[in-house]
Amino acid sequence: AEVFGIEEEAFLPVGMPRLDGFLDEQTISDFRKEFYQEYPDLKGKKLILFAPTFRGGGQKTAHYNYSWLDLKKIYEFCGDEYIFLIKMHPFVVREPVEIPEEYQDRIIDFAMYPNINDLFYITDLLVTDYSSNIFEYSLMRRPMMFFAYDKIQYSFSRGFHRDYEESAPGKVCYTFAEFLDAFRRKDFEFEKVEEYVKRHFDFIDSGASDRVIDWLVLGKLPEDVRAGLERVKEENARRRALDFLPEGCKRTELGVLKEGETL
């Protein structure tokens with residue numbers, strides 16, 4: 001409601017239907033088995049998924065500044081323990097990251113992998129910036145980090161609808177040095193993930209599609225939900241009726257008139 005500027009009573013808290021199978025244990029188990037059969041060299045490694053959003057005004061102008069990444073230092077940090085997977089936004093795939101051949105056993109370009117949500121099943125740490133992928137990944141209850149080297153520029157060009165630092169469910173870093181230092185110290189501020197899930201999800205189950213059908217298509221809205229929406233509607237109506245004009249003033253179609261003024 002806040003983002004789209006639509007009244008709260010127009011929204012129903014059904015959950016996210018596309019995530020109905022996301023937390024299914026059998027689905028996760030089957031995917032992991034198939035994934036490591038396809039990528040056997042990654043088995044036994046801790047996987048870091050770097051998945052930032054794009055910069056620019058849209059698909060035609062989308063880009064990402066790879067110069068902020070020091071691949072040599074990332075490679076050295078990974079050692080024999082980590083693999084660094086880079087999954088760029090689909091808008092940026094025409095400008096792939098250039099990974100030197102000597103680094104490609106630890107830093108791998110996964111830009112063309114079809115579904116990022118599937119990769120969450122095998123990811124141990126998600127690194128992003130301003131992407132909405134944190135909603136889905138938070139349900140994995142695993143740590144996240146945020147590399148926001150251009151937060152000020154991004155806030156002016158694309159904007160945030162809430163305070164970035166307060167809402168990010170993990171450690172926020174603004175320079176590559178901070179980014180690498182947090183890695184080394186495993187300073188992920190992991191406690192923020194559970195707080196984020198509690199704040200953003202009313203339902204964490206596989207029933208969102210059923211709720212859409214029952215509540216919207218069949219009109220079987222639960223009484224507690226209906227009552228809650230009515231309360232929101234009444235509160236919004238009360239707020240719209242409030243008038244903070246000074247005493248003696250009145251509102252007209254052409255503006256506000258002070259006491260004694262006429263059109």
Side-chain angles (χ1 to χ4, degrees), residues 35 39 41-42 45-120 122-137 142-160 164-165 167-189:
F35 180 85
Y39 302 96
D41 292 342
L42 303 186
K45 302 287 187 178
K46 293 179 181 178
L47 301 182
I48 301 169
L49 181 62
F50 181 66
T53 193
F54 66 93
R55 276 50 171 182
Q59 187 168 1
K60 292 183 178 180
T61 59
H63 62 278
Y64 186 83
N65 188 352
Y66 295 112
S67 66
W68 282 86
L69 292 177
D70 189 326
L71 296 184
K72 182 177 185 294
K73 290 184 178 179
I74 291 175
Y75 181 83
E76 292 171 348
F77 164 80
C78 285
D80 295 327
E81 184 178 6
Y82 294 98
I83 297 291
F84 195 83
L85 306 179
I86 300 178
K87 180 75 171 79
M88 296 306 297
H89 191 281
F91 287 1
V92 191
V93 293
R94 68 178 183 276
E95 296 180 2
V97 57
E98 295 182 7
I99 305 172
E101 186 176 354
E102 63 268 26
Y103 299 158
Q104 292 179 11
D105 59 325
R106 299 177 189 172
I107 303 175
I108 306 175
D109 185 2
F110 258 55
M112 301 309 295
Y113 196 87
N115 190 345
I116 188 173
N117 280 8
D118 288 343
L119 292 178
F120 293 160
I122 48 86
T123 295
D124 295 290
L125 171 68
L126 174 67
V127 180
T128 186
D129 43 26
Y130 324 112
S131 174
S132 63
N133 58 30
I134 60 177
F135 281 94
E136 290 88 344
Y137 187 74
R142 296 174 192 157
M144 289 180 250
M145 281 183 58
F146 295 82
F147 185 35
Y149 65 85
D150 59 347
K151 194 201 90 168
I152 294 177
Q153 296 93 318
Y154 191 90
S155 67
F156 280 105
S157 63
R158 299 279 296 279
F160 302 107
Y164 180 67
E165 285 80 2
S167 59
K171 177 79 171 182
V172 178
C173 301
Y174 298 103
T175 67
F176 185 80
E178 292 178 352
F179 177 66
L180 201 60
D181 181 63
F183 267 141
R184 289 170 175 155
R185 295 187 292 108
K186 293 183 171 58
D187 179 17
F188 307 133
E189 298 183 8

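Residues that satisfy the ring-ring contact (aromatic ring centres under 6.0 Å, His included) test with Y113, not counting sequence neighbours, are F110. Applying the salt bridge (Lys or Arg N to Asp or Glu O under 4.0 Å) rule to K151 yields the partners E165; only residues at least two apart in sequence or on another chain are considered. With sequence neighbours excluded, no residue forms a salt bridge (Lys or Arg N to Asp or Glu O under 4.0 Å) with R184. With sequence neighbours excluded, no residue forms a ring-ring contact (aromatic ring centres under 6.0 Å, His included) with Y174. For D124, the side-chain contact (heavy atoms from CB on, under 4.5 Å) partners are K46, L47, not counting sequence neighbours. In this view, Q59 and F91 satisfy the side-chain contact (heavy atoms from CB on, under 4.5 Å) rule, not counting sequence neighbours. Residues passing the salt bridge (Lys or Arg N to Asp or Glu O under 4.0 Å) test with E136, sequence neighbours excluded: R18. D41 meets the side-chain contact (heavy atoms from CB on, under 4.5 Å) test with no other residue; sequence neighbours excluded. Partners of S167 under the side chain to side chain donor-acceptor pair (under 3.5 Å) rule, at least two apart in sequence or in another chain, do not exist in this structure. Among residues two or more places apart in sequence or in another chain, the side chain to side chain donor-acceptor pair (under 3.5 Å) test is passed with D80 by none. For the ring-ring contact (aromatic ring centres under 6.0 Å, His included) test, residues two or more places apart in sequence or in another chain that qualify with Y82 are F77.
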Which donor-acceptor pairs under 3.5 Å do side chains of residues 97-105 form with protein atoms, sequence neighbours excluded?
residue	atom	partner	partner atom	Å
Q104	NE2	I99	O	2.8
D105	OD1	Y75	OH	3.2
D105	OD2	Y75	OH	3.4

Would you sort out whether H63 and E95 count as a side chain to side chain contact (heavy atoms under 4.5 Å, CB included), showing the intermediate values? CA-CA 7 Å; H63 62 278; E95 296 180 2; 4.0 Å; yes

Would you please test M88 and I86 for side chain to side chain contact (heavy atoms under 4.5 Å, CB included) and show each step? CA-CA 6 Å; M88 296 306 297; I86 300 178; 3.8 Å; yes

Start with the C-alpha distance between R55 and D129, add both sets of side-chain angles, then the distance that settles side chain to side chain contact (heavy atoms under 4.5 Å, CB included), and finish with yes or no. CA-CA 11 Å; R55 276 50 171 182; D129 43 26; 2.6 Å; yes

Audit row: I48, I83, side chain to side chain contact (heavy atoms under 4.5 Å, CB included) steps and yes/no: CA-CA 6 Å; I48 301 169; I83 297 291; over 6 Å; no

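Nearest heavy-atom pair across V172 and A148 is CG1-CB, 4.3 Å. A pairwise comparison of heavy atoms in A62 and F54 identifies CB-CD1, 3.7 Å as the closest pair. Counting all heavy atoms, side chain and backbone alike, F146 lies closest to P169 at CZ-CD, 3.3 Å. Contact detail for A111 and K87: the closest heavy-atom pair is O-NZ, 3.3 Å. Counting all heavy atoms, side chain and backbone alike, C173 lies closest to M145 at SG-CE, 3.9 Å. Across all their heavy atoms, Y137 and T123 have their closest contact at OH-O, 3.2 Å.
Contact of the P52 side chain with the Y64 side chain is registered, since non-hydrogen atoms from C-beta on lie closer than 4.5 Å. Looking at heavy atoms from C-beta onward, L42 lies in side-chain contact with I108 at the 4.5 angstrom threshold. Considering only heavy atoms from C-beta on, H89 stays 4.5 Å or farther from S131 through its side chain. Looking at F120 and L49, their side chains come closer than 4.5 Å, going by heavy atoms from C-beta outward. For the pair F147/W68, a side-chain contact is recorded, criterion being any heavy-atom separation below 4.5 Å from C-beta on. Between F50 and I74 there is no side-chain heavy-atom pair separated by less than 4.5 Å.
In this model, a donor atom of one side chain and an acceptor atom of the other lie less than 3.5 Å apart for D150 and Y130.
Results of the side chain to side chain contact (heavy atoms under 4.5 Å, CB included) test with L126 over I116, N133, L119 single out N133 as the only residue that passes.
Rounding to the nearest 0.5 Å places OH of Y149 at 15.0 Å from CD of E178. Here the OH atom belonging to Y164 is positioned 9.5 Å from the OH atom belonging to Y154, to the nearest 0.5 angstrom. Atom CD of Q153 is separated from atom CG of N65 by 10.0 Å, given to the nearest 0.5 angstrom.
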